[in-house]
Amino acid sequence: MRIGAACLLLALAVLSAVAVDTGQNTITTKAQGKPLRYPPPPPDPNATVTVIGELKFVDTHDGNPRYALYDFDGNVTPFAHGFTGVCDMSNTSVCPGDMIWSECVLGRPGYCGACPNGESATCTCPTEDGSIQVCTINSVELIYRTEYLPGFAPEDPQQRTALNINYRLLVMILDYSACGFAPSLDVDTVTKLYMGPNRDGNGGVAEKFKQCSYGKFNIRYFQAAVVKPACSTAVTSGCSWWAISSGADAAAKAKLGLPFFSNFTYYAYVVPPGLQSVCPWAGLSLLPGKQTWLQSTGYGVPRWATIMQGTIHNFGLYHSWRNGWEYEDYSTPMGRGDTCPNAAEISRLGWATAAAGGGEINTGVLTAPGTYVTWTLPATYITGDNNYLRVVPNWMPTYGNNTLAKHLYIALRVPKAGDVGMSSTYSNRVHIHEVNATMDNGFPGSITFCDRKIQIINMILPNTRQVLPGYNLVVSTGALTSSDTIQVSLCRYEAFDSQCSPPSPPSPPPQSPSMRSPPFPKPLKPSRSSPKPPSPKPPPRKLPSPKPPPRKPPPPKRIII
């Protein structure tokens, strides 16, 4: 198996030299301007090795994200703390999901997370857990970018989305009773959490996925099982996520049988509550990948939004931000919200489409500064069709900078259905999120699994004119209708937002030619010869013949949808 995999990788490397221009392939992974947060693992003499596999990102939710390499056999080589140099949008960078070759120095057998600050006289890693060694990187070379892997078609907009996925989930409830960590959940409880009270998918996490994806993401098959992995100090003292999954997989295969285990496409690991003191997270996931880890209590598996966040990480999305703080966007489970994902996320997942004429709002749409263009948007809980706007501000001088250029996603959020848990701070408002434009433009053909850094920057009330000075853009909202729709008008300006005078009232929504209503005529000003109110004297004069009314002005310019 390993020989065959190595041959395949060699062939991929040859193909990549033709298909991908990566420039200088070797990446130096020194920390930039500061020492590594953690010392590297103590080296094992004669342990400089070459490893080949898919790069994975794991956010441990403690401010110290980790990277790891997964080979064709599913073996994990975790990288030491401090590995950098990914997703910098250069030809030499590597991204999660890429196939890479790495030369590294392995820590001595048994190095684990038990001593996060490095081994010392008072902290020594156990020697019995020698199956996994931590890798300190010497160099990294790109073999194949994820978008060029066999079976990937960049021209297909559904590639790398969460659309029509064969999602067959096995949830493993981990029982470490032999080392003092018994589970607190049973199979029936976990099944109801995921599949609802009748265990049929009409409730629980499954129902939330149906609502948020508009029926496009469904758990096709579900099974929960209690498994008893062997005790390991790497787990009980260091909360080594890779040791948790490898031990659980081995126990599940022994209990359920390899054919049954292999029938699943995604795997979740529920750790016992006693490990909460050493596992400082509610959940974590591989990105991209097929595995999630969850706590038994609190913000872990009992909370549907935590499960959804972990699942969406598997499909390449990172956390959402607000005011420069990660997680602080409460409009999405990718922050801290008990809601469906935001517009920048549901579009990336393949669950929603932009309003007609609103998928690339640039100077070809906002053609003249000072002119408003109007769309009518439904609340995102209603439908995934035509429910957001995507602004591409190519009129800004920063748009040519691959780091500074941003795109905007605009959508209406109302606290109903999947968004019923949305707080009043976010409810019944038009949300504006910004993302990195270079990565947004690249998807799905390049930079597929890098972080666009989605950040909410505005929540606009109905009947409000909002200036976005960083984008030379004015956003004007109409009234929120009883059917939970709203008119959103956009106007770009050159130097001063006064160039975009407030529309009064907002232009009607764009309509198809067959449905367009004639514009309402403006009331005509009274003519100088119009009759005055009657008075006792003098008697009213004879009115002159009426003049023809002035010509009607042309209707405002609109986008037709």
For Gly335 and Gln309, the nearest pair of non-hydrogen atoms, with its separation, is O-NE2, 3.5 Å

Quiz item: Okay, side chain of Asn198, backbone of Asp200: is any donor-acceptor separation there less than 3.5 Å?
Solution: no

### Task
Decide side-chain contact (heavy atoms from CB on, under 4.5 Å) for Asn458 and Leu468; before the verdict, give the C-alpha distance in whole Å, the side-chain angles of both, and the deciding distance to 0.1 Å.
CA-CA 9 Å; Asn458 258 293; Leu468 305 182; 3.0 Å; yes

Closest non-hydrogen atoms of Leu412 and Asn428, given as atom of the first, atom of the second and distance, are CD1-C, 4.5 Å

Query raised in the report: Distance only, no hydrogens: is a donor on one side chain within 3.5 Å (strictly under) of an acceptor on the other, for Ser476 and Ser489?
Result: no

Specify whether Trp293 and Trp241 have parallel, tilted or perpendicular ring planes, treating 30° as the upper limit for parallel and 60° as the lower limit for perpendicular.
-> perpendicular

Review point. If you measure only the distance, is there a donor-acceptor pair under 3.5 Å linking the side chains of Tyr70 and Gln291?
Key: yes

Decide ring pair (Phe, Tyr, Trp, His ring centres under 6.0 Å) for Phe222 and Tyr194; before the verdict, give the C-alpha distance in whole Å, the side-chain angles of both, and the deciding distance to 0.1 Å.
-> CA-CA 8 Å; Phe222 177 87; Tyr194 275 87; 5.1 Å; yes

Do the side chains of Arg390 and Asp440 get close enough for a salt bridge, i.e. N-O under 4.0 angstrom?
yes

Would you say Asp484 and Tyr381 are linked by a side-chain donor-acceptor pair, where the criterion is simply a distance under 3.5 Å?
yes

- Task: Ignoring hydrogens and angles, state whether a donor on the side chain of Asp249 or Tyr269 is under 3.5 Å from an acceptor on the partner side chain.
- Result: yes

Contacts satisfying ring-ring contact (aromatic ring centres under 6.0 Å, His included) that involve residues 417-441 (not counting sequence neighbours) are Tyr426-His431

When every non-hydrogen atom of Trp375 is compared with those of Gly357, the smallest separation belongs to CZ2-O, 3.5 Å

- Would Tyr67 and Val58 count as a side-chain contact (heavy atoms from CB on, under 4.5 Å) if you check the C-alpha gap in whole Å, the side-chain angles of each, and the deciding distance to 0.1 Å? CA-CA 6 Å; Tyr67 292 87; Val58 179; over 6 Å; no

Smallest heavy-atom separation, Asn386 atom then Ala356 atom, equals OD1-N, 4.0 Å

Inset, instruction - Assess the side chains of Arg413 and Thr380: does a donor N or O sit below 3.5 Å from an acceptor N or O? - result: yes

**Asked** Is the shortest heavy-atom distance from the side chain of Asp497 to the side chain of Asn472 under 4.5 Å?
**Response** no

Open item on the list: When you compare the side chains of Ser320 and Asp329, does any donor N or O come within less than 3.5 Å of an acceptor on the partner?
Closed with: yes

Query raised in the report: Hey, does Gln223 have a side-chain heavy atom less than 4.5 Å from the side chain of Phe264?
Result: yes

Tightest non-hydrogen contact, residues Met308 and Cys212, listed as CE-SG, 3.9 Å

What one should report as the nearest heavy-atom pair of Gly97 and Phe449 is CA-CD1, 4.1 Å

key: Close side-chain approach of Val435 to Lys406, heavy-atom, < 4.5 Å   = no

### Query
Is there a side chain to side chain donor-acceptor pair (under 3.5 Å) between Asp186 and Thr189 once you walk through the steps?
CA-CA 6 Å; Asp186 57 26; Thr189 300; 2.7 Å; yes

Is it the case that the side chain of Thr339 and the backbone of Met422 share a donor-acceptor pair, with hydrogens and angles ignored and the cut-off at 3.5 Å? no

Give a yes or no answer on whether the side chain of Asn342 reaches the backbone of Glu345 with a donor-acceptor pair at less than 3.5 Å. yes

If you apply the rule side-chain contact (heavy atoms from CB on, under 4.5 Å), what do you find for Val271 with Gln295, and how did you get there? CA-CA 5 Å; Val271 301; Gln295 287 286 356; 3.4 Å; yes

task = Report yes or no: is the cationic atom of Lys208 (NZ for Lys, CZ for Arg) under 6.0 Å from the centre of the six-membered ring of Trp304, at an angle within 45° of the ring normal?
result = yes

**Asked** Checking Asp175 side chain against Ser177 main chain: does a donor-acceptor pair fall under 3.5 Å?
**Response** yes

Value for OG (Ser245) from NZ (Lys290), rounded to nearest 0.5 Å, stands at 15.0 Å

Looking at Phe217, is its backbone amide N or carbonyl O close enough to the side chain of Trp351 to form a donor-acceptor pair, meaning the two atoms are under 3.5 Å apart? no

| query | So, does Tyr267 use its side chain to make a donor-acceptor pair with the main chain of Phe261 at under 3.5 Å? | reply | yes

Distance col, row Ile410:CD1 vs Leu490:CG, nearest 0.5 angstrom, shows 5.0 Å

Between the CG atom in Asn263 and the CZ atom in Arg168, the distance rounded to the nearest 0.5 Å is 4.0 Å

Residues 298-328 vs disulfide bond (SG atoms under 2.5 Å apart), sequence neighbours excluded, gives none

Give a yes or no on whether Lys210 atom NZ has more than 12 heavy-atom contacts from other residues, nucleotides or ligands under 6.0 Å away.
yes

*Using distance alone, with no hydrogens and no angle criterion, decide if Glu434 and Tyr409 have a side-chain donor and acceptor under 3.5 Å apart.*
no

### Message
Check for me whether the distance between the ring centres of Phe315 and Tyr266 falls short of 6.0 Å.
### Response
yes

d(Leu174 CG, Ser296 OG) to nearest 0.5 Å is 8.0 Å

Here the gap from Asn362 atom CG to Met396 atom CE, rounded to the nearest 0.5 Å, amounts to 14.5 Å

Less than 4.5 Å apart, side chain to side chain, heavy atoms only: is that true for Leu408 and Leu473? yes

(request) Examine distances only and state if a side-chain atom of Arg492 and a backbone atom of Tyr471 form a donor-acceptor pair shorter than 3.5 Å. (result) no

The reported gap from CD in Glu328 to OG in Ser331 (rounded to nearest 0.5 angstrom) is 12.0 Å

Student check: side-chain heavy atoms of Val301 and Leu185 closer than 4.5 Å = yes

Hey, are the side chains of Ile460 and Val475 touching, using non-hydrogen atoms and a 4.5 Å cut-off?
yes

Open item on the list: Please evaluate residues Asp59 and Arg66 with respect to the criterion salt bridge (Lys or Arg N to Asp or Glu O under 4.0 Å), reporting the C-alpha separation (whole Å), side-chain torsions for both, the decisive distance (0.1 Å), and the verdict.
Closed with: CA-CA 6 Å; Asp59 194 326; Arg66 297 290 294 271; over 6 Å; no

Flag side-chain contact, heavy atom, 4.5 Å: Tyr167 against Phe209:
no

Got a salt bridge between Arg199 and Asp188, using NZ or NE/NH1/NH2 to carboxylate O under 4.0 Å? yes

Throw together a table of side-chain donor-acceptor distances under 3.5 angstrom for residues 273-287, partners on residues two or more places apart or in other chains.
| from | atom 1 | to | atom 2 | distance (Å) |
| --- | --- | --- | --- | --- |
| Gln276 | OE1 | Thr297 | OG1 | 3.3 |
| Ser285 | OG | Gly310 | O | 2.9 |

Margin query: Using modelled atom types and a 3.5 Å cut-off, is there a donor and acceptor pairing between side-chain atoms of Lys56 and backbone atoms of Pro288?
Written below: yes

Where the side chain of Arg336 meets the backbone of Thr332, is there a donor-acceptor pair that is under 3.5 Å apart? no

Side-chain heavy atoms of His407 within contact of Val391, under 4.5 Å
no

query: For the side chain of Ser427 and the backbone of Pro415, is there at least one donor-acceptor N/O pair under 3.5 Å apart?
result: no

